[in-house]
Amino acid sequence: MKRIKQVLFSLLATTILAACAQEATTDPQPAPPAGPAQPQDRTKPEISYTAPFTGLAVAEKSERRPIMVMINNHPKARPQSGLAQADIVYEILAEGEVTRLVAIYQSQQPAVIGPVRSIRPYYIEIGAGFDAVMVHAGGSPEALATLSRSDYAYINEISNSAYFWREKFRQVPHNLYTSTQLIEQAMADKGMRLTSELPQFTFLPDGAKLSGGETAQQIDVTFHPLYRVGYTYDAGKGAYLRFTEGEPHLELTTERQLEATNLLVLAARHRVLDSEGRRHVDVTGPGDGYLFQQGTVRKVRWKRSGGVIRAYLDEAMSQEAPLLPGNTWINIIPDSPGLSASVHYQ
């Protein structure tokens, strides 16, 4: 009996010690000191903007007034500066077999633009449709008269030489240059409006792939029997590389070949006005044309609508042809002999 009591006492003691040990190991540990309170994430959701004339993503919304610069395309003026930064470039015959380039700037501001050349009435129509400040060096009598009796915004180098300069590596008249900084300074000095209600274009989503249309990897365009341009599609760039008179058409500053994501070739009425070879060119339409994108071509109709030239996929011109995000070149050729004789592609 005494032995049993000793065993029971031993068991009881062991149980009590175990319970104490368990209680000690399960005591709550002191909490670590609290760190500094983390601020709440009040970052506003990212807003995506696109450039109005290219459809490309930009950091902020811009209502910057467009600038239109008349660019010399005489052989002695090539290669030019600033064409690669233009959102839209129009190419139209001036006198003889020489074309002139109309560069529209809105989303980029190149430091060098030129050579700058003179203006004609049909170039004024294009610039006015964009509400652009038109930059030029002189012009035909009719063009200068049009500007003088209108409220169009323009900067003529003839009376505003402080906003231009001449380079020594070329001869007059192929050596006149300017910049967007100088142009915007002139706009401010003259009290010109700096913002604009911009024309809107229809763009496909970034990365869109086109289907349908004929293959058009290589394009040849004849403006005049003595002047031709060409384009070769580069699938890696997703753009057409430009050639003038069979040679790569380069940007002077970077020595890179000019390229176009969207290429419109449009036929329009041309009429020679005088012995100097000055022309009237219809930039209102309607007319026929081709739209080249991603190595393919579609026939389009075109007309000036909302101030700017637009391409349409249907005869009634109710379905605007969407552009791919990127720059656009618009070649306007005479409607006689017309598209079939002047444009070849394969």
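Quick caveat, the model's predicted, so the values are computed rather than measured.
- Tyr177 has its side chain out of reach of Arg166: every pair of non-hydrogen atoms, C-beta onward, lies at least 4.5 Å apart.
- Linking Ile, Leu, Val, Met, Phe, Trp and Tyr whenever their side-chain heavy atoms come within less than 4.5 Å puts Ile155 and Val69 in one cluster.
- With no hydrogens or angles considered, no side-chain donor-acceptor pair links Gln171 and Asn175 at under 3.5 Å.
- Separation of atoms CG (Leu266) and CD1 (Ile92) is listed at 9.5 Å; rounding is to 0.5 Å.
- For the ring-ring contact (aromatic ring centres under 6.0 Å, His included) condition, the pairs that include at least one residue of residues 235-254, sequence neighbours left out, are Tyr233-Tyr240.
- Using a 4.5 Å heavy-atom cutoff, the side chains of Ile332 and Val283 are in contact.
- Not one N or O on the side chain of Gln218 forms a donor-acceptor pair closer than 3.5 Å with the backbone of Gly230.
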Review point. Which is it for Glu91 and Val229 under the side-chain contact (heavy atoms from CB on, under 4.5 Å) test, yes or no, and what are the steps along the way?
Key: CA-CA 10 Å; Glu91 182 173 20; Val229 299; 4.1 Å; yes
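- No path of Ile, Leu, Val, Met, Phe, Trp and Tyr side chains, each step under 4.5 Å between heavy atoms, connects Leu198 with Val133, placing them in separate hydrophobic clusters.
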Review point. Taking it one step at a time, do Asp288 and Arg301 satisfy salt bridge (charged side-chain N to carboxylate O under 4.0 Å, His left out)?
Key: CA-CA 5 Å; Asp288 296 318; Arg301 294 279 288 166; 2.8 Å; yes
Check your understanding: Taking it one step at a time, do Val89 and Ile104 satisfy side-chain contact (heavy atoms from CB on, under 4.5 Å)?
Key -> CA-CA 6 Å; Val89 178; Ile104 307 292; over 6 Å; no
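- Of all heavy-atom pairs spanning Thr50 and Val58, the tightest one is C-CG2, 3.7 Å.
- Panel note: side chain Arg279, backbone Gly96; a donor-acceptor pair is recorded below 3.5 Å.
- Proximity of Met68 to Val135: side-chain heavy atoms (C-beta onward) are nowhere separated by under 4.5 Å.
- Qualifying salt bridge (Lys or Arg N to Asp or Glu O under 4.0 Å) partners for Arg78, counting only residues two or more places apart in sequence or in other chains: none.
- For Gln106, the side chain to side chain donor-acceptor pair (under 3.5 Å) partners at least two apart in sequence or on another chain are Ser62.
- One N or O on the side chain of Asp274 and one on the backbone of Gly277 form a donor-acceptor pair closer than 3.5 Å.
- Nearest approach of Glu320 to Thr202, heavy atoms of both residues: OE1-OG1, 3.7 Å.
- Of the possible donor and acceptor atoms, one in the side chain of Asp282 sits under 3.5 Å from a partner among the backbone N and O of Gly285.
- Between Leu291 and Ala321, the closest heavy-atom pair is CD2-CB, 3.8 Å.
- The number of heavy-atom neighbours closer than 6.0 Å to OH of Tyr152, taken from other residues, nucleotides and ligands shown, is 12 or below.
- For Ala111 against Ser179, the heavy-atom pair with the smallest separation is O-CB, 3.0 Å.
- Both Tyr122 and Val308 are assigned to one and the same hydrophobic cluster, defined by single-linkage of ILVMFWY side chains at heavy-atom distances under 4.5 Å.
- Every pair tested for salt bridge (charged side-chain N to carboxylate O under 4.0 Å, His left out) that includes a residue from residues 199-215 fails, sequence neighbours excluded, so the list is empty.
- Heavy-atom minimum distance, Pro66 versus Phe53: CG-CE1, 3.8 Å.
- With sequence neighbours left out, the salt bridge (Lys or Arg N to Asp or Glu O under 4.0 Å) criterion links Arg120 to Glu95.
- Two residues are said to be in side-chain contact when any heavy atoms from C-beta on lie closer than 4.5 Å; Tyr105 and Pro110 meet this criterion.
- A distance-only check finds no donor-acceptor pair linking the side chain of Ser342 to the backbone of Leu339 [under 3.5 Å].
- Taking 4.5 Å as the limit, every side-chain heavy atom of Ile113 sits out of range of all side-chain heavy atoms of Gln85.
- In this structure, Ile124 is a member of the same hydrophobic cluster as Val102, with clusters built from ILVMFWY side-chain heavy atoms closer than 4.5 Å.
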Exercise for review: Test side-chain contact (heavy atoms from CB on, under 4.5 Å) on Asn331 and Tyr90 and set out the steps.
Suggested key: CA-CA 6 Å; Asn331 292 171; Tyr90 293 82; over 6 Å; no
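- Trp302 places no side-chain N or O within 3.5 Å of a backbone atom of Val265 that could act as its donor or acceptor partner.
- Crowding of Arg278 atom CZ: a count of heavy atoms from other residues, nucleotides or ligands under 6.0 Å exceeding 12.
- Note on residues 154-165: no pairs pass salt bridge (charged side-chain N to carboxylate O under 4.0 Å, His left out), not counting sequence neighbours.
- Listed by first then second residue, pairs satisfying salt bridge (charged side-chain N to carboxylate O under 4.0 Å, His left out) with a partner in residues 243-266 read Lys237-Glu259, not counting sequence neighbours.
- Take Tyr345 and apply the ring-ring contact (aromatic ring centres under 6.0 Å, His included) test, not counting sequence neighbours, and it matches Tyr290, Phe292.
- The two atoms that bring Met192 and Tyr154 nearest to each other are CE-O, 3.4 Å, heavy atoms only.
- A heavy-atom distance below 4.5 Å is not found between the side chains of Ile88 and Trp329.
- No donor-acceptor pair closer than 3.5 Å links the side chain of Arg170 to the backbone N or O of Leu176.
- With a 4.5 Å cut-off on side-chain heavy atoms, Leu258 and Leu241 do not count as touching.
- Electrostatic pairing of Arg228 and Asp220 does not count as a salt bridge here, judged by no charged N lying under 4.0 Å from a carboxylate O.
- Annotation for Leu324: hydrophobic cluster partners, listed by chain and number, are Leu204, Leu210 (ILVMFWY side-chain heavy atoms under 4.5 Å, direct or chained).
- In terms of modelled atom types and a separation under 3.5 Å, the side chain of Glu184 and the main chain of Leu182 share no donor-acceptor contact.
- By the rule that hydrophobic residues join a cluster once side-chain heavy atoms approach within less than 4.5 Å of another member, Tyr312 and Phe201 end up as members of separate clusters.
- Around the CD atom of Gln181, the shell of radius 6.0 Å holds no more than 12 heavy atoms that belong to other residues, nucleotides or ligands.
- Note that Arg100 lies outside the cation-pi zone of Tyr123, set by a 6.0 Å cut-off to the ring centre and a 45° limit from the axis.
- Taking His174 as the reference, His74 meet the ring-ring contact (aromatic ring centres under 6.0 Å, His included) condition, with sequence neighbours excluded.
- Note on residues 129-141: pairs passing salt bridge (charged side-chain N to carboxylate O under 4.0 Å, His left out), not counting sequence neighbours, are Arg65-Asp131, Asp131-Arg193.
- Not one N or O on the side chain of Thr222 forms a donor-acceptor pair closer than 3.5 Å with the backbone of Pro225.
- Judged as a side chain to side chain donor-acceptor pair (under 3.5 Å), and not counting sequence neighbours, the contacts of Thr328 are Asn262.
- Here the side chains of Phe203 and Pro322 are not in contact, with every heavy-atom distance at 4.5 Å or above.
- Panel note: side chain His270, backbone Ala268; a donor-acceptor pair is recorded below 3.5 Å.
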